Amino acid sequence: MPNDSITITFPDGSTSDYERGATGYDVAASIAEGLAREALAAEVNGEVRDLHRPLEDDATVNFLKWDDREGKSTFWHSSAHLMAEAIQAIYPEAEFGIGPPIEQGFYYDVDFQGRTVTPDDLAEIEDKMQELAKRDVPYERRAVTKDEALAYYSEEDDNPYKRELIEELDEEITFYEQGDFTDLCRGPHIPSTGPIKYAKLLNTAGAYWRGDENRNQLTRIYGITFPKKKLLDAFIERREMAKKRDHRRLGRELKLFTFDDKVGAGLPMWLPKGTRLRETLSDFLQQEQMKRGYEPVVTPHVGRLELYETSGHYPYYQESQFPPMIEDEETGEGYLLKPMNCPHHVQIYANERHSYRDLPVRLAEFGTVYRSEQSGELGGLTRVRGFTQDDAHVFCTPEQVKDEFKDVIDLALKVLGALDFDEFTAQISVRDSGDTSKYTGDAERWDRAEQAIREAADEMDLDAEEEPGEAAFYGPKLDFMVKDALGRDWQLGTVQLDYNLPERFDLEYVGADDDRHRPVMIHRAPFGSLERFIGVLIEHCGGEFPVWLAPEQVRILPVGADFLGYAEDVAPRLREADLRAKVDDSDDTVGYKIREAETQKIPFMLVVGEREEDAGTVAVRRHGEGEQSVVPVADFIEQVQSEIGAKLERS
RNA sequence: GCUGACGUAGCUCAACUGGUAGAGCAGCGCUCUUGUAAAGCGCAGGUUGUCCGUUCGAGUCGGACCGUCAGCUCCA
């Protein structure tokens, strides 16, 4: 092969030769004009690069377009630069921090030197961005030395934030320039500003420089951009849809729960319908747990301060707890509203001596705990100050850890399946291998534990990502994460290994060798907190709960007062079959009754009138489908029961 | 806790630059007695989140507090 030519391999395996130094754009153009026009960046040997960077060697090349994840994020990264240029044009005194792409758009952290940015300002910046984009100027990459870079950010553009970033860089330093704006940036970027046709700046927020609350707070501006109007419209529509699924709104509309200023922030009150939902959910889990050898316990909502001093919770998490009730100022003795159930469960374990033959001991309680979350953290049901954990603690031998983990994973999968949560991620949190000093317990035990979790996940066919450094100080854990309507991730179920508490409380069991041994403790909660779980569940199903969970499953709608009697006869038959049914005895029209039941998202509406009464049938209308079929009451009951059974048996 | 926005009837929202609050839905009453997503008429509903201040006069301006929302930080 001649020295001045290189071989490019494409994703489909085909190859082509090009002149050394040809750019990604040249290659794309040689394939198709449309590709060259739509390509936003090139993936060269797996690394995303500017389309216009020359290719110096043989390589595998894949072109990234809007539809590619990386293509989008390159587009948004370039958009962040464009926004910065617009901001600089309007506020020359602004200093820029960092401006990365995110899952949905991008942001830039800006120091406006004390100026407050209003929504009107955002509109102005937005307009400026679209104006600047129209110039269709290229994003140009330029490598600079550290000294040059530092000089630029002290002489041409005095910016301490960028200087700080540069000081810490070891790799090659590059600047990107478009129009009048130069930014320290690793890249890559799209070829030019032209494709950024539609820009929407979403909101502003304070963000600490480098995420450190002791440092300056910058103004973070969130935005999103699109190459086509249709995409922008779809984005806006999706946001509207998400708003309709917001659990706070549905909680009110479906009369599930409420918050009240007079009661306090973050303290949800469950209305009758929400309570029925909660109880159905906890009954379901309790039955599952019964089958798996869990034993129910009940413990009080407060405990002596000393208990939490021993467990370590009181000293470590003081700032997020309600203040203790001190009874004796001199000794400092008093009580604490419980922030965790585990110390109580530990004392139940310690209540009697345990043989290795007893283990595992699995103590379960729907325990309500109280935490004084920072005020800015509260939000709907997903972050509250009083919540109920579907908590259980498993005390077992180190050898049993893996099987116990497997059983909990199985339980969690069953729960997620019964609720149609098909999209969730599992995360295994392990030690930070670089800094082991902050973890309790010896390294060998940790290794074994982490390995046990990995194997358990693997053997259960659970696709889990590993997160180094995310483990708690007392042990590794496995969490289940689910997204809410706005795409935010929430941790729901959790399984955590704990070496710390058995140690602190000096727990033991007698082994086959007649010696005393330390049990391992597993904290696990498949729902996590009932409040958060239900919040996410509401958004997940948009308030249309699976039939088995619906607080009201059936509503009977007599077409007129004459048929109220028949409706009242049908209702008890349904209730005897364990269906939650209600008769609409209002004097509204049928149309109105249906509308009412539809809005309340009741799965089944049974319209009854003369025809039904005479034949002993009901006219079934399913929520959202409007379809109807007339069947005998017994058939309807059977139909619903088998639907419920099918869902709950799915594992 | 921090930054910003916001708080008017149960809900959704209106009230121009300061001139003592208005609508729809829900609720209640009466009429209608109903066949698959809103029957008609009427009535009632508010210390404009709370407190303090500026003003002849505050829903509207200022301050503090409470709460809500979006982020940041935190999350046993």
Side-chain angles (χ1 to χ4, degrees), chain A residues 102 107 109 112 116-119 121-122 202-222 243 246 248-249 252-253 255 258-266 308 311-321 338-343 369 371-380 382-383 389 391 472-475 477 486 488 490-491 494 496 498 500-501 523 525 529 532 557-564 586-600 605-612 619-628 630:
Chain A
I102 52 178
Y107 66 80
D109 285 345
F112 281 97
T116 302
V117 179
T118 66
D121 297 335
L122 287 189
L202 302 166
N203 50 46
T204 61
Y208 302 108
W209 172 237
R210 317 208 81 177
D212 184 342
E213 59 183 313
N214 298 314
R215 305 196 61 178
N216 252 356
Q217 194 163 37
L218 309 182
T219 304
R220 175 170 299 179
I221 300 182
Y222 286 89
K243 259 192 212 160
D246 190 313
R248 291 165 293 202
R249 176 193 179 121
R252 191 184 327 108
E253 287 174 358
K255 298 187 176 30
T258 184
F259 290 89
D260 190 308
D261 290 6
K262 293 190 185 72
V263 173
Y308 290 100
S311 73
H313 293 118
Y314 181 62
Y316 289 156
Y317 297 102
Q318 215 173 127
E319 73 295 335
S320 57
Q321 283 164 9
K338 74 173 170 188
M340 283 295 269
N341 299 304
C342 15
V369 298
R371 296 180 190 172
S372 177
E373 302 287 356
Q374 293 185 13
S375 59
E377 277 314 316
L378 302 174
T382 39
R383 206 72 194 273
Q389 294 177 311
D391 211 356
F473 72 90
Y474 52 78
K477 59 176 182 168
L486 291 169
R488 291 175 296 200
W490 290 102
Q491 181 200 307
T494 182
Q496 314 188 352
D498 188 346
N500 183 45
L501 282 187
H523 309 249
S529 103
R532 175 179 296 177
L557 315 174
V559 297
D562 291 346
F563 311 104
L564 189 55
S586 70
D587 55 3
D588 296 308
T589 60
V590 176
Y592 188 84
K593 289 176 185 176
I594 287 173
R595 184 186 149 78
E596 198 49 27
E598 288 283 3
T599 338
Q600 287 292 304
M605 286 150 274
L606 304 182
V607 178
V608 295
E610 190 174 3
R611 297 195 291 271
E612 288 74 21
V620 182
R621 179 189 165 110
R622 230 195 138 111
H623 167 67
E625 293 175 15
E627 88 185 20
Q628 36 177 329
V630 180

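Lettering of chains follows the sequences in order, A, B, ..., and the numbering in each one begins at 1. When reading the values below, keep in mind they use all heavy atoms of this one structure, side chains included, and skip hydrogens, waters and symmetry mates. Everything numeric in this text was worked out from a predicted model, so none of it was measured.
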* Test A:Thr382 against A:Arg532 for side chain to side chain contact (heavy atoms under 4.5 Å, CB included), laying out the working first. => CA-CA 4 Å; A:Thr382 39; A:Arg532 175 179 296 177; 4.2 Å; yes

* **Steps toward side chain to side chain contact (heavy atoms under 4.5 Å, CB included) verdict (A:Ile221, A:Phe112)** => CA-CA 11 Å; A:Ile221 300 182; A:Phe112 281 97; 4.0 Å; yes

* Asked: Yes or no on side chain to side chain contact (heavy atoms under 4.5 Å, CB included) for A:Asp588 and A:Glu596, after CA distance, side-chain angles and deciding distance?
  -> CA-CA 10 Å; A:Asp588 296 308; A:Glu596 198 49 27; over 6 Å; no

* Asked: Can A:Met605 and A:Lys593 be said to form a side chain to side chain contact (heavy atoms under 4.5 Å, CB included), step by step?
  -> CA-CA 9 Å; A:Met605 286 150 274; A:Lys593 289 176 185 176; over 6 Å; no

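The nearest whole Å value for the distance from the NZ atom in A:Lys262 to the P atom in B:rU68 is 14 Å. B:rG1 atom C1' lies 13 Å from atom CZ of A:Arg383, rounded to whole Å. Summarising the geometry, the separation between CG on A:Asp260 and C1' on B:rG10 is reported as 12 Å, rounded to the nearest angstrom. The distance between atom CG of A:Asp121 and atom P of B:rU3, rounded to the nearest whole Å, is 18 Å. Taking atom CG on A:Leu564 and atom P on B:rG35, their separation rounds to 16 Å, with Å as the unit. As rounded to whole Å, 10 Å separates atom C1' of B:rG71 from atom CD1 of A:Ile102. Remark: C1' of B:rC11 and CD of A:Glu253 are 9 Å apart, rounded to the nearest angstrom. The nearest whole Å value for the distance from the CG atom in A:Asn214 to the P atom in B:rC72 is 18 Å.
Listed nucleotides: B:rA76, B:rG67, B:rU36. Nearest to the side chain of A:Tyr317: B:rA76. For A:Ala207, counting side-chain heavy atoms from C-beta on, the closest listed nucleotide (B:rC72, B:rC75, B:rC74) is B:rC72. Checking B:rA38, B:rU33, B:rU34 against the side-chain heavy atoms of A:Arg595 singles out B:rA38 as nearest. For A:Ala265, whose side chain is taken as the heavy atoms from C-beta onward, the closest listed nucleotide among B:rG71, B:rU34, B:rG67 is B:rG67. Distance from the side chain of A:Ala205 is smallest for B:rG71 among the nucleotides B:rG67, B:rA76, B:rG71. Here the side chain of A:Asp587 is nearest to one of B:rU31, B:rC72, B:rA37, namely B:rU31. The side chain of A:Arg248 lies closest to B:rC69, out of B:rA76, B:rC74, B:rC69.
Among the protein residues, A:Glu612 comes within range of the nucleic acid bases, having at least one heavy atom under 4.0 Å from a base atom. Among the heavy atoms of the strands lying under 4.0 Å from A:Val607 is at least one base atom, whether or not backbone atoms are also near. Contact annotation for A:Tyr107: no contact, since no heavy-atom pair falls under 4.0 Å across all strands. A:Ala619 comes within 4.0 angstrom of a nucleotide base, judged by non-hydrogen atoms across all strands. Within 4.0 Å of A:Gly624, counting heavy atoms only, lies no atom of the nucleic acid at all. As judged by a 4.0 angstrom heavy-atom cut-off over every strand, A:Gly211 is placed among residues touching the sugar-phosphate backbone only. Across all strands shown, A:Phe473 has no heavy atoms under 4.0 Å from either base or sugar-phosphate atoms. Residue A:Gln600 is classed as having no contact, given no heavy-atom separation below 4.0 Å to the nucleic acid. Residue contacts shown for A:Gly591 are limited to sugar-phosphate atoms, with no base heavy atom under 4.0 Å away. At the heavy-atom level, A:Ser311 lies nowhere under 4.0 Å from the strands shown.
Sparse packing is recorded around OH of A:Tyr316, with 12 or fewer heavy atoms of other residues, nucleotides or ligands lying under 6.0 Å away. In A:Glu610, the CD atom is not crowded: 12 or fewer heavy atoms of neighbouring residues, nucleotides or ligands sit closer than 6.0 Å.
Shortest non-hydrogen contact noted between A:Gly609 and A:Val559 is CA-CG2, 3.6 Å.
Between B:rC65 and B:rG4, the two P atoms lie 14 Å apart (nearest whole Å). Across B:rU60 and B:rG22, the matching C1' atoms stand 16 Å from one another, rounded to whole Å. Rounded to the nearest Å, the gap between the P atom of B:rG35 and that of B:rA70 is 44 Å. B:rA23 and B:rA58: their C1' atoms are spaced 23 Å apart (whole Å).
Remark: A:Asp212 does not engage A:Arg210 in a salt bridge, criterion side-chain N to carboxylate O under 4.0 Å.
To the nearest 0.5 Å, atoms CG (A:Asn214) and OH (A:Tyr208) are separated by 9.0 Å. Remark: A:Met340 CE to A:Tyr317 OH distance equals 8.0 Å, nearest 0.5 Å. Rounding to the nearest 0.5 Å places OG of A:Ser529 at 7.5 Å from CD of A:Gln389.
Looking at heavy atoms from C-beta onward, A:Leu557 lies out of side-chain contact with A:Leu606 at the 4.5 angstrom threshold.
No hydrogens or angles were tested; on distance alone, nothing pairs the side chain of A:Tyr208 with the base of B:rG71 as donor and acceptor under 3.5 Å. No hydrogens or angles were tested; on distance alone, a donor-acceptor pair under 3.5 Å links the side chain of A:Arg621 to the base of B:rA37. For a distance-only test at 3.5 Å, the side chain of A:Gln217 qualifies as a donor-acceptor partner of the base of B:rC2. For A:Ser320 against B:rA76, a side-chain-to-base donor-acceptor contact under 3.5 Å is present. For B:rC11, the base has no donor-acceptor partner in the side chain of A:Arg252 [N/O atoms by modelled type, under 3.5 angstrom].
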* To do: Do nucleotides 24-30 of chain B as a string where each nucleotide becomes B, S or -: B if the base has a protein heavy atom under 4.0 Å, S if just the sugar-phosphate does, - if no protein is that close.
  => --S----

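Note on ring orientation: taking the six-membered ring where Trp is involved, the planes of A:Tyr474 and A:His523 are tilted (angle from 30° to 60°).
Summary of the strand contacts: A:Ser372 and A:Thr589 both lie near RNA chain B, and taking for each the nucleotide with the nearest heavy atom, the more 5' one is attributed to A:Thr589.
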* Asked: Can you give the dot-bracket line for RNA chain B, where a pair is Watson-Crick or G-U wobble with both atom distances under 3.5 Å, crossing pairs use [ ], and | marks a partner on another strand?
  -> (((((((..((((.....[..)))).(((((.......))))).....(((((..]....))))))))))))....

